Amino acid sequence: MASVSATWLYQDRGLRVIASADGFVAGKPYSKNFQSSFVGSFPAGILQVRLRLSNSQRRALLLPCIKCEKEDESFKEVSVERPPYYSYMDSTSGQLEPASGARASIPGQDLWPEGTASRVRAARAPEPTGKSLGSPSYGKNPGSRRKYKTSVAAPESSNVSLESSDPLESESSVDTTEEPSAVSSDYVVYETEPDQEETGYGLDKKLGLPHPFVDPKVKKPIENPLTSEELWWNWKKPEKEQWSRWQRRRPDAETVFLKAMAETGQVKLYGELPTLTETSLYRARRHLFKEERVRAEQDRLQRIGPIAYYSEWVKAWKRDTSLEAVQKHFEETGEDENTQLIEMFSHQTDREYRIMMGTDIRIPRDPLAMRMKEDQIKQIWGGDPVYPTVNYIQDPDEVIDFRGPDFHEPTPSMLAYLKEHGKIISREELEKILANEKTEELEMTDVDEAMARAVDIGEDDDEGEDSDVEVEEEAEEKITRNWSVLKSTPELRKSKGKPKKEIPLSLEEAVDDSENLTDFLLDFEEED
Amino acid sequence: MASSLPLHHPTHCFTSNPKLKNFHHGCSPRPSYSFATDTQNHAKPIRATTESPPYPIYQPPQVEESVSELEPADPDFYKIGYVRSMRAYGIDFKEGPDGFGVYAAKDVEPLRRARVIMEIPLELMLTISQKLPWMFFPDIIPIGHPIFDIINSTNPETDWDLRLACLLLYAFDREDNFWQLYGDFLPSVEECTSLLLATEEDLLELQDAKLASAMREQQHRALEFWEKNWHSSVPLKIKRLARDPERFIWAVGIAQSRCISMQLRIGALVQDSNMLIPYADMLNHSFQPNCFFHWRFKDRMLEVMINAGQRIRKGDPMTVDYLSGQKNDMFMQRYGFSSSVNPWDVIQFRGNARIHLDSFLSVFNISGLPEEYYHNTGRLSNDGDTFVDGAVIAAARTIPTWSDGDVPPIPSMERKAVKELQEECQQMLAEFPTTSEQDQKILDSMPEARRTLEAAIKYRLHRKLFIEKVIQALEIYQERILF
C-alpha cells in the first residue's frame, strides 16, 4: 500500500498542507489556507504527494513556450578562420593521411615480429561464401555430403549433381541461362500459409496473451504427492545434533510462505517442501498478482475518487462519498476535495490509521500471515526478541543462585591446579633431577682423569678436558671433522697415524685415505 | 611409411624446359621428369592426375579428364574448417566422379620460397604418436574411457592403423568434434576403394596372388580386432562406435589410406606421429608432386606448401607424393589405387639377359642418378616425344642392365638380350588370364561397378600396360640404338 502514489494529503499531528507549486496556490480563491507552503520535508519514502488539480485549473498549467517571431530564418554559417586541412599527402607513405589523429606509420612486413605475417594472412583470407545444400550428419553417415555418390546410381546422380551445382560459385553461365526468370522477375512469391494454425492455448502462448502455465488440455493433476523423504530432489542434510533449534539454517521467507500456503490449501505442491522452481513460480505469480492488484487499485482510485477510496479506512464516515456528492458539496459549501478529505480523515481512529499505513506490526495485515502457524512465523520473522523461546522466559522476581559445586571454596587452589597440569614440580623432584645431572658430570671427569693419565708425552693438556671429553664421546667422526683438534691432540693423531706410517702409501692411496685435503696440512712445528 | 620430413634444402633437379620445372623438396630424392608437353606443341596439358576418392592417380595419356566433370565442392566443406581457423589460400576444392581434389585457383609463378596453400591447426587433426607412450594431440580421449584400453592393447609395432581407426571412430562419436562434420566428406563405405572392403571376388580380380593374400590377411586382422574388442558384452560407449565390422573396417581403410606420418615438434617434444589431417588428405597423389607438408610448430599448424620454383597454372591439381619409391602393389595395398606409370615399379626378370644401361638411358634421354631418373627434355629437342613417362623410367630401373665404364655394347648381344627380355615380358603377359584390351573393355562396360572392383581391375590393367610399355620401350631401344 505504501507505494501507491496517489493524490493524497495526510493529516499529521498538526494541520499541514503541502502544496507543490506556488502557482497553483495563487490561483485558488481560498489560498490563505495554503500560504504555508511546505516543500521538502516529506517523511522519507512513505509518501509522494502530488497536488491534484481540479479540471478548472488544468488549463493554466500549460507551460509557456518560447516562440520566435520570424519563423523562417536560415542562418548562414560564417566562420572567421579558413577551415584547416583535414588530410595531406604523407611524405613517409606517399598516401593521403588525416591531419589529426594519425598514428605512426606501421612498419613494413620485414620488421614484423615472427608469425605476424602468417596471422595477418590468415586474417585476410576471405570467408567462404555459399550455402550448402546438405546438412551434417554428425558422424552417423560418413560420406553423406559428397556429391558424386555410389557408382550404382551413377547416371542419375551425375545429372542430379550437375543440376545441384552451387549457383553462387563460378559456373555462372549455366545458371544464368537456366534461371533468368527467378532472378529478374517482378513478381513476388508469397509463402503459402502453414497448414496447421495454432489455436487456444498455443495461440495464446504465441501471441503473448495471458495463459496458464501449462496447457490445460495436457495438464495432469498431481496424483499421489510424495512426502519430502520420498522426493528424489530432497537433498536435505540431516540435522546434526545441535543444542538448539535456532542453530539450524533458516529457510527463505518465500519458501516458508509457500509452504504455509500449501498447508492451507491455496496452492498445490509436489511434496511437502516447495522446490526452487515452485518457489520461483510463486514469486513470479505473486509479483504479477501484486502488480495487477496495484493497478486495479489505482484504477479504482481514479474512478471513484479519493474520498470514496479512502472511506474504506474511515468507518465513522457515513456520508455519501460518490463523485457527484463531493461535487455537490463543493458547490454548496465551497470546500474542495482536499478539505473534504481532511474532514473525513479527522474521523479516523488511530488504529485505523495504523492499519491503513501498515506501520504497526502488531496488527497483522496479511491474511496468510494471520493464518500461519507460530513456528512458521518464527522461521521468517524470528520470534520475540526478548523472549525467543519459552525456555528463556524468566521470572523477573527470581533470585538466581550463581553458586557452583565448589561453592564453599571460593578461592581455588592454584598450586594443585598447576601441579596437576605439570607446570610445577615438587622440590624433591627437582633435586632428583639436579642430582642426575650432577652425577653425569662426575662420570665425565673420571674419564678425563683416565685419559690424562694415559698421556705419556708431556704435552700441554690445557685445551683439555672439555674438547677431549666431547671428542671421546663421539669417537671418530668428531675427530675427522675438527682437524684442529686432531692437530693439537697428538695422541689422537698418533692412533690414526700409525697405519699411515707403517705402509708406505702411494699418492692415490693417501688421497683416498684422507677425509679431506686438510689432512695433508701438517703442522710442521709439532712433527718431530 | 613415408615420412616427408621437411628439409629446407631442396634437391634441385634442373631441367631447362622453361615450362615445366620440377624442383623437388623432400627427404628422398625423387625422379623429376616432365611430361613432354612442349611449348612448341601447344598440346593440351595432360592432366596427370585425376581424382579418385581421395587420391588421384595418373591417368595414362589416352584417357583425358573432361574438365566439366569437376565441380566445386560443397561450400560447407571449407566453411567448417574456416570457422576453426584453418585457411586455404589460392586453391579450390573440387569434386569429380572419382572424389575430391585440390586445384589451384590462380597461376603461381616459380618463386624462390615455398608458398603456403593450406594451413590446418592441430586441433582439427587426430594424432597418435608412433611409439609408446601413445600421446594424442589433441587429447580427446578421456581418462578411463574403454577405447583407451583398446588402443593400449594394440601391438606397438604394427597396429598403427587400428589405433588410428579407433581414434577416428571415437572422434565421430564425440560431441563437438570437427570430425563429426568432416566425416561427411570422407568417402563412404561404397566409395572407398581401400581393398580392405573388397570382397573375395574383387581380390581374385587382382590377378596377383601375393597381393590378394596380403589383403586377405589385412582384412582378417581387422576383423579379428573388431571381434576381440567389440564383442557383444562390451559397454555401449564402445559398441556404438562400430556397430558392425564393416564400419570398423572402413575406418581402418580410411586410417590406412589417409594417414600422414610426420615428425612433429610440439613444444619441446619431438615425436613421430601418425596423423589424420582433415584437408590435407584431400590432396591427390602424383609421382611428380608439386606440394609437400610442413609442420609449423610455432602455432602448431600443418602447412601444405607448393614446391619452390614450381610454376602452377590455374586449375592444376595440387599433389603430394604419398609413398616414395614403392611399387604398385604397395600403393594398392595401402591406398587402393595404382598407376601404370609408377616409376618405381618392378618386373622380376628371370633370365640372364642384360642390356647396356647407358645406351638405354641415352636413347630415351633419361638422366640423373639411378635413384632419381628423370626425363631430360629440353636441349635435346625430341619433337613431341611423349613416349617417355614413368613406365620407361621404371623400365630403366628394373630391366637388368650392365654398365662397364667405357665398354661399348656389342650390337648382336644387345639385340639378343633385348629379344630375350621382350620374350620374357610376353610370357608374363601371357600368364595373365586376360589381356589389357579385355580389361579395358571390361572397365568400360561396367561404369557402375563397385569401387573396389574397379580398382582391382585397374590394378591389373596397369600392370599389363606397364609390361606392354616395357616391351615397346625395348623395341624403340632396339631401333634407336647407335652403334
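Letters A, B, ... mirror the listed sequences (proteins, then strands); counts begin at 1. What you see below is based on every heavy atom in this structure, not just the backbone, and it leaves out hydrogens, waters and symmetry mates. A quick note: this is a predicted structure, and the numbers were derived from the prediction, not measured.
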Which heavy-atom pair separates [X] from [Y] by the least distance, and what is that distance?
X: B/Asp184; Y: A/Asn141; result: OD1-O, 3.1 Å
X: A/Leu133; Y: B/Asp74; result: N-OD2, 4.2 Å
X: A/Gly139; Y: B/Arg247; result: O-NH2, 3.2 Å
X: B/Tyr89; Y: A/Ala125; result: CE2-CB, 3.8 Å
X: A/Pro136; Y: B/Leu181; result: CB-CD2, 3.6 Å

Do the non-hydrogen side-chain atoms of [X] and [Y] ever get within less than 4.5 Å of each other?
X: A/Tyr148; Y: B/Glu71; answer: yes
X: B/Met301; Y: A/Ser118; answer: no
X: A/Pro142; Y: B/Phe185; answer: no
X: A/Arg146; Y: B/Pro187; answer: yes

Option that, when pairs with chain B are counted at under 4.5 Å, heavy atom only, ranks first among A/Gly143, A/Gly115, A/Ala123, A/Ser144 =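 Counting heavy-atom pairs under 4.5 Å, the top option is A/Gly143.
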
Distance from B/Asp173 atom CG to A/Lys140 atom NZ, nearest 0.5 Å?
->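 Result: 7.0 Å between the selected atoms.
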
About how many Å separate CZ of A/Arg119 and NZ of B/Lys298, when rounded to the nearest 0.5 Å?
->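 The distance works out to 9.5 Å.
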
Carboxylate-amine/guanidinium proximity below 4.0 Å for A/Glu127 and B/Lys79 |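 Between B/Lys79 and A/Glu127 there is no salt bridge, as every charged N stays at least 4.0 Å from the carboxylate O atoms.
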
Do A/Arg145 and B/Asp76 meet the salt-bridge criterion of a basic N to acidic O distance under 4.0 Å?
->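 So B/Asp76 pairs with A/Arg145 through a salt bridge.
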
If I measure from the heavy atoms of chain A, does [X] come under 4.5 Å with its side chain, its backbone, both, or neither?
X: B/Trp250; answer: side chain
X: B/Glu175; answer: neither
X: B/Arg174; answer: neither

Does [X], at its [atom1] atom, have more than 12 non-hydrogen atoms belonging to other residues, nucleotides or ligands within less than 6.0 Å?
X: B/Glu201; atom1: CD; result: yes
X: B/Asp244; atom1: CG; result: yes
X: A/Glu291; atom1: CD; result: yes
X: A/Leu111; atom1: CG; result: yes

Picking from B/Phe77, B/Tyr78, B/Phe93, what satisfies side chain to side chain contact (heavy atoms under 4.5 Å, CB included) with A/Pro128?
->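 Answer after filtering B/Phe77, B/Tyr78, B/Phe93: B/Tyr78.
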
Main-chain N/O of B/Pro75 paired to A/Lys131 side chain as donor or acceptor, under 3.5 Å =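 Not confirmed, A/Lys131 side chain does not pair with B/Pro75 backbone.
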
Best-contacting candidate, B/Met446, B/Glu303, B/Arg296, B/Arg87, against chain A by heavy atom pairs under 4.5 angstrom |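 Ranked by contacts with chain A, first place is B/Arg87.
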
Residues two or more places apart in sequence or in another chain: which of them pass salt bridge (charged side-chain N to carboxylate O under 4.0 Å, His left out) with A/Arg283?
->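 Applying salt bridge (charged side-chain N to carboxylate O under 4.0 Å, His left out) to A/Arg283 gives A/Glu254.
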
